[in-house]
Every structure is written in C-alpha cells, then in structure tokens.
Amino acid sequence: MLQINFIRDNSKTVIDKLKVKNFDATNIVEKIIEVDTKRRETQKRLDNNLSESNDLARQIGQLFKTGKKDEAEKIKEHTTELKKINKELHHQLEQYKNEQEQLLIQLPNIPHESVPRGDSEDDNLVINEVGKTPKPEENALPHWEIASKYNLIDFELGNKITGAGFPLYKEKGAKLQRALISFFIDKAIEAGYIEYQIPLLVNEASAFGTGQLPDKDGQMYHIPLDNLYLIPTSEVPLTNIFRDTILNEEDLPIKCTAYSACFRREAGSYGKDVRGLNRLHQFDKVEIVQVVKPENSYKVLDEMVNYVTELISLLELPYRISKLCGGDLGFAAAMTYDINVFSAVQNKWLEVSSISNFEDFQANRIKLRFKNSHGKNILLHTLNGSALALPRLIAAILENNQTIKGLKIPRALVPYTGFDIIK
RNA sequence: GGAGAGAUGGCAGAGUGGUCGAUUGCGGCGGUCUUGAAAACCGUUGAGGUGUAACAGCCUCCGGGGGUUCGAAUCCCUCUCUCUCCGCCA
C-alpha cells in the first residue's frame, strides 16, 4: 500500500510512474486526494468539538463536587447537543477513512525508475545468460516420460488421489526432492538466514498483509469453515511474522528462510504449459525473505539474485536472469528479477525463482517499522525470493542430465541423495 | 464437541464511573557514583491522527464493533481471539 502522505504530495509522479505498469491511476488518485481532504477537514472539526466536550465534562464534574447543580445542568444541555453533532461527524469520518482505504488498496506499488516499459513477459529484459544450453540427444525424453521411466513421479496416482496438478513423488524421485530441500535450507543457513517452520494455513489478516488479498483472491485455496487460506508461498507467514512490529535498528537486516509446500489454484491455466511439472497446484519451495533499512534494499536485491544464481550454478544448470518489465511486474513489487533455467528437451526457459523488492509497500500494509536514531518510526523495506522452487528445477535436471548410463545427479546434491546416478 | 476463565503499554501485572494514557516491577534509554563495569540511586520511556519550517498544542487508542452516562479501561450488548479442564485424537 502506498502512503497517503506520499500520494498527497506527489500525485503526478504516482500517476506517471504507474503508467509503466500499464495502470491508469488518474481517477483513483484524484478521488483519493478528494476523500483525504474531506477526511482531514472532518477530523479537525471532530477534534475541536471533542476538545470542547472534554472541557465541559470536566467543568460539570467540578460543579457537582462543589454542589452547584443548577449550573451543571445548564452546561449539560450544551454537551448533549455537541454529542449529537460529534456522533454524526464520527460516522462521517469512519466513512471517509473506509473510502480512502478502499481506494488505496487498489493502487499497485510504484515501479523503480529503472524498470522498463512493456506489456508482457516478452518485454522483459534479459540481463545475463550463463551456461551452455544443451542440445538433447536424438532419443532424449521430456521430463514427464523420464519420471515414469525411472519410477520417480506418478502423475496418474496424483490424479487418482487428488486431481491434476498434485503429483506423487516416489522412491528416488522423493529422495531427490528431499535432497534439494535440505541442500537449499543448509545453504540459506550458511548465508545467514534463520530457518523457520511455518504454518501452511493463514488467516485473512496475513493474506491481506502480504497483498494476496484482495488482489489474488481466487488464486488461493480457501477453507470457508475456518476462514483460512492455504499459503501460495511461505512468503506469507514469513513476512507476517513482522506484522505490527517496530524493530530496533540493530536488529536489521533480518534474514529468514523456510521450506514449505505451496498451494495455488492456478485458475485459468491450461494446455501445454501445465504438462508434467511445469505448473502444479501443490509444489515445494524454499523461500528467502529479508527485512532491511530502506537505503539498503537495492543492494540486498542484487545480493539475493547472486545468492540464487549461485545455487543454480551448483546444480550445474544453464540459467538466465531477466528484469521484469512494468507490465509483468507484480502488484506489490517495485522491481523483480526472474531466474529461469533451461529445460533441454522442452527447449524452454522455466521460471524457478522470482526475486522482488517491495520497498515499503508491504511494510506499510503490515505496519513494519524500525526506530531510527532520532526516535522516529520508519517503514522498512521487504524483499523475498524463491531459493528455489523445486518442480521446474527437477524438470530441468531430469531433461538435461539424461545419459545412456542413466540420470546424472549434480555433484553438489550427491551428499544429500546418497546416489550419483539414477538407473 | 462440552464446561469455565481471560484479552490493559516491549514484557509481567494493578486498576470497577471523574485530570487514568493509565499504579508498580522488569526491560530499554540518559545521568550520578566508578580507572572501567556491575550494583545502588535519580530521571526518562507507547502508537496513530491532526497540526507546525520544526517544536508546541489538540484528538484518538486499555482485543474489534455498538450502547448507557455530562463523563468509561471501569457498567451493558455483541463479535473475534487466547488460555484451562473434560472428551476425541497424531
């Protein structure tokens, strides 16, 4: 959520910058400023009246104590009148506040000035491409066929038990998953992230805090009986750890990580994209989150990108970093880098990580601040990134590493799998 | 699922109608003392809004919402959440 003070003082900038996200904010901003003006006027009037009421109540108290009942009664008449007016003002004020809130949550975050214009994925800026994209052998198989050939993943059984998008991993496939999770968590801890095990269901306030609600309602699985949501990413519980918090400057930066299953309805997805492991309703992911002082957030964003690409290098996969254009940027993000790995047989780049700086957009929603040296409470910046999402990584590993002898396991993973080839 | 208790400032924990934004303790910050530290002692110590060049000032906030009253943390209604015991269960 953008800050009202900022919008008030920079309305033109807000409108201009949101154009990069292909968002026309003209009307909303205009309305916000109108409502804000009314809100403040009403607030002032109410405050003045309340101040007067307080004074009078105190006087009445004194008069009663000294036995001057008649005088007290006279003042009472006036306060009764004030009370009526104040009730009305209070009502109005609440209305303006709600109206303002409703408008504010519709505004996406302002993109960083370096974010390129663009409409879709195709306009993203490829920053760097590392590693050779392998040419598959003639009889090379796509990952879903490899998975079944080596008995690693059973999509059919997943269908039977739950439905499409809920694969069942087994034997060395299951072990490979577990190995990747442990590997990622160990690396994160090594890099200074604190490990958490988080709830997989969150309440409405948490889903709202990180921006899933109201924007992405319908993309989350919802349990109406208890009004809880299955998390689409551990970002939600991890970030909400810090909801309504004022941190000390010396606590920063905060770095945390969690492995979790993630649940996404993926409403509207269909066709080729959902084949095999490409797009699932349930998948595993290790997430990293940082809470940092505003002046450091872009430096930290770069660090996180480097951290993630190092992991991919250790898995010996070719990857590509791209900077999202305005049109592809998420609602809450100011800047995002996507990391894709190359999947040889599908001959496709698969997104395995998305690393974003939200600046103070999330922090403003969840009221996450720190006390600076002057004793002022300042909104912090939040960042998060996948490190990493498993299924597409596994797709790439399976497709890129098939040899006549079997499937080669990346060297860095062998200590975790206990085997270096799947035959 | 049944029965009961509770929700107060960073934490603990008082407060049952009149300067209570709130006693006190701990923690934090500043100071005295000390070569330094600890202890002791003294002082200070929430958030939001409005407003200001910045202060000041004013208003709101004792889980959320509503009500009674000139006046509510304190009384009433309602919602949510937490805890304890019993039942069931990994």
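All heavy atoms count here, side chains included; hydrogens, waters and symmetry mates do not.
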Participant: Take atom C1' in A73(B) and the same atom in U68(B), then report the distance between them in whole Å.
Facilitator: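 Comparing C1' positions in A73(B) and U68(B) gives a spacing of 16 Å.
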
Participant: What interatomic distance, in whole Å, is found between P of A56(B) and the corresponding atom of U45(B)?
Facilitator: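 Here U45(B) and A56(B) have their P atoms 13 Å from each other.
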
Participant: Could you check how far CG of D55(A) sits from C1' of G18(B), rounded to whole Å?
Facilitator: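 Going from CG in D55(A) over to C1' in G18(B) covers 14 Å.
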
Participant: CZ of F242(A) versus P of G10(B): gap in Å, rounded?
Facilitator: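 Roughly 17 Å, once rounded to whole Å.
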
Participant: Extract from the structure each pairing of a protein N or O with an N or O of nucleotides 59-61 of chain B at less than 3.5 Å, listing the distance.
Facilitator:
unit_1	atom_1	unit_2	atom_2	d
C59(B)	OP1	N54(A)	ND2	3.4
C59(B)	O2'	D47(A)	OD1	2.8

Participant: Grab the CG-C1' distance between D226(A) and C81(B) for me, whole Å please.
Facilitator: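 After rounding, the reported distance stands at 13 Å.
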
Participant: When the P atoms of A7(B) and C62(B) are considered, how many whole Å apart are they?
Facilitator: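 The answer is 13 Å between these two P atoms.
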
Participant: Ignoring backbone atoms, test whether K44(A) places a side-chain nitrogen or oxygen under 4.0 Å from the OP1 or OP2 oxygen of C58(B).
Facilitator: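 Result: no.
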
Participant: Within this structure, what is the CG-to-P distance between N227(A) and C79(B), rounded to whole angstrom?
Facilitator: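 Distance check: N227(A) CG to C79(B) P gives 17 Å.
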
Participant: Report yes or no: is the cationic atom of K172(A) (NZ for Lys, CZ for Arg) under 6.0 Å from the centre of the six-membered ring of F419(A), at an angle within 45° of the ring normal?
Facilitator: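 Flagged: K172(A) positioned over aromatic ring of F419(A).
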
Participant: Could you work out the separation of C55(B) and U69(B) based on their C1' atoms and round it to a whole Å?
Facilitator: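 Pairwise C1' distance, C55(B) against U69(B), rounds to 37 Å.
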
Participant: Rounded to the Å, how far apart are E41(A) CD and G51(B) P?
Facilitator: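 So the CD-P distance, E41(A) to G51(B), works out to 10 Å.
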
Participant: For the residue pair N340(A) / E351(A), report whether a side-chain donor-acceptor contact shorter than 3.5 Å exists.
Facilitator: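 No, no side-chain donor-acceptor contact under 3.5 Å.
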
Participant: More than 12 heavy atoms of other residues, nucleotides or ligands under 6.0 Å from NZ of K367(A): yes or no?
Facilitator: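 For K367(A), atom NZ is crowded (more than 12 foreign heavy atoms under 6.0 Å).
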
Participant: I need the full list of side-chain hydrogen bond (donor to acceptor under 3.5 Å, both in side chains) pairs touching residues 109-118 of chain A, with sequence neighbours left out, sorted by first then second residue.
Facilitator: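 Matches after skipping sequence neighbours: H112(A)-S114(A), S114(A)-K323(A).
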
Participant: Taking side chain to side chain contact (heavy atoms under 4.5 Å, CB included) as the criterion, tell me which of N296(A), D360(A), L368(A) meets it with H381(A).
Facilitator: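 The residue from N296(A), D360(A), L368(A) that satisfies side chain to side chain contact (heavy atoms under 4.5 Å, CB included) with H381(A) turns out to be D360(A).
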
Participant: Does the side chain of R39(A) get closer than 4.0 angstrom to OP1 or OP2 of G49(B) through an N or O atom?
Facilitator: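 Looking at the OP1 and OP2 atoms of G49(B), neither is under 4.0 Å from any side-chain N or O of R39(A).
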
Participant: Is it true that K408(A) and D420(A) make a salt bridge, defined as a side-chain N closer than 4.0 Å to a carboxylate O?
Facilitator: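 Judged by the 4.0 Å cut-off on N to carboxylate O distance, K408(A) and D420(A) do not form a salt bridge.
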
Participant: Starting from the 5' end of RNA chain B, give me the residue, I60(A) or K371(A), whose nearest nucleotide shows up first.
Facilitator: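 Its nearest nucleotide lies further toward 5', so the answer is K371(A).
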
Participant: Would you compute the distance between atom CD1 of I378(A) and atom NZ of K371(A) and round it to the nearest 0.5 angstrom?
Facilitator: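 These two atoms lie 10.0 Å from each other.
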
Participant: Around K74(A), counting heavy atoms of other residues, nucleotides and ligands shown, do more than 12 lie under 6.0 Å from its NZ?
Facilitator: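 It does not: K74(A) NZ has 12 such atoms or fewer within range.
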
Participant: Side chains of Q106(A) and E101(A): any donor to acceptor distance under 3.5 Å?
Facilitator: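 No, no side-chain donor-acceptor contact under 3.5 Å.
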
Participant: Taking atom C1' in both U24(B) and G15(B), compute the distance separating them and give it to the nearest angstrom.
Facilitator: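 My reading of the C1' atoms in U24(B) and G15(B) gives 11 Å.
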
Participant: If the P atom of G66(B) is compared with that of A47(B), how far apart are they to the nearest Å?
Facilitator: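 Taking atom P in both G66(B) and A47(B), they lie 25 Å apart.
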
Participant: Assess, by modelled atom type and distance only, whether the side chains of Q43(A) and D47(A) contain a donor and an acceptor separated by less than 3.5 Å.
Facilitator: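 There is such a pair (donor and acceptor under 3.5 Å, judged by atom type) between the side chains of Q43(A) and D47(A).
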
Participant: Mind checking N377(A) for me? I need base, sugar-phosphate or nothing, with any heavy atom below 4.0 Å counting as a touch.
Facilitator: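 The residue N377(A) makes sugar-phosphate contact but no base contact.
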
Participant: Please report the distance, rounded to the nearest Å, between CZ in R40(A) and P in G48(B).
Facilitator: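 Rounded to the whole Å, the gap is 18 Å.
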
Participant: Hey, could you give me each pair passing ring-ring contact (aromatic ring centres under 6.0 Å, His included) that has a residue in residues 212-261 of chain A? Not counting sequence neighbours.
Facilitator: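 ring-ring contact (aromatic ring centres under 6.0 Å, His included) check on residues 212-261 of chain A returns H222(A)-Y229(A).
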
Participant: Considering only distance and modelled atom types, tabulate donor-acceptor pairs under 3.5 Å from the side chains of residues 179-206 of chain A, sequence neighbours left out.
Facilitator:
unit_1	atom_1	unit_2	atom_2	d
S182(A)	OG	R178(A)	O	3.2
D186(A)	OD2	Y416(A)	OH	2.7
Y193(A)	OH	Q290(A)	NE2	3.0
N203(A)	OD1	A205(A)	N	3.4
N203(A)	OD1	S206(A)	N	3.0
N203(A)	OD1	S206(A)	OG	3.1
E204(A)	OE1	N227(A)	ND2	2.9
S206(A)	OG	R243(A)	NH2	2.9

Participant: According to a strict under-4.0 Å criterion, is R369(A) in side-chain N/O contact with OP1 or OP2 of G46(B)?
Facilitator: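 Answer is no, no contact under 4.0 Å.
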
Participant: If you take any heavy atom closer than 4.0 Å to RNA chain B, which residues from residues 77-96 of chain A end up in contact?
Facilitator: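 Within residues 77-96 of chain A, the residues near RNA chain B are T79(A), K83(A), K87(A).
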
Participant: Please report, rounded to the nearest Å, how far the C1' atom of G28(B) is from the CG atom of D251(A).
Facilitator: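 So the CG-C1' distance, D251(A) to G28(B), works out to 12 Å.
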
Participant: When the C1' atoms of U60(B) and A72(B) are considered, how many whole Å apart are they?
Facilitator: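 15 Å, rounded to whole Å.
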
Participant: In whole angstrom, give the distance that lies between atom CZ of R8(A) and atom C1' of G49(B).
Facilitator: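 Checked: the CZ to C1' distance equals 10 Å.
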
Participant: If we take the P atom in both C20(B) and G28(B), what is their distance in whole Å?
Facilitator: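 After rounding to an integer number of Å, I get 29 Å for this pair.
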
Participant: Just the dot-bracket of RNA chain B, please: which string comes out with Watson-Crick or G-U pairs under 3.5 Å, [ ] for crossing, | for another strand?
Facilitator: ((((((((.[[[..)..(.....]]]((((((.......))))))(((((......))))).[[[[[..)....]]]]])))))))....

Participant: Checking R264(A) against F283(A): charged group under 6.0 Å from the ring centre and within 45 degrees of the axis?
Facilitator: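 No cation-pi geometry.
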
Participant: Report the residue (L56(A) or I246(A)) whose heavy-atom-nearest nucleotide on RNA chain B is the more 5′ of the two.
Facilitator: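 Between the two, 5'-proximity favours I246(A).
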
Participant: Any base atoms under 4.0 Å from K74(A), or only sugar-phosphate, or nothing? Heavy atoms, all strands.
Facilitator: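 If one applies the 4.0 Å heavy-atom cut-off, K74(A) turns out to touch nothing in the nucleic acid.
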
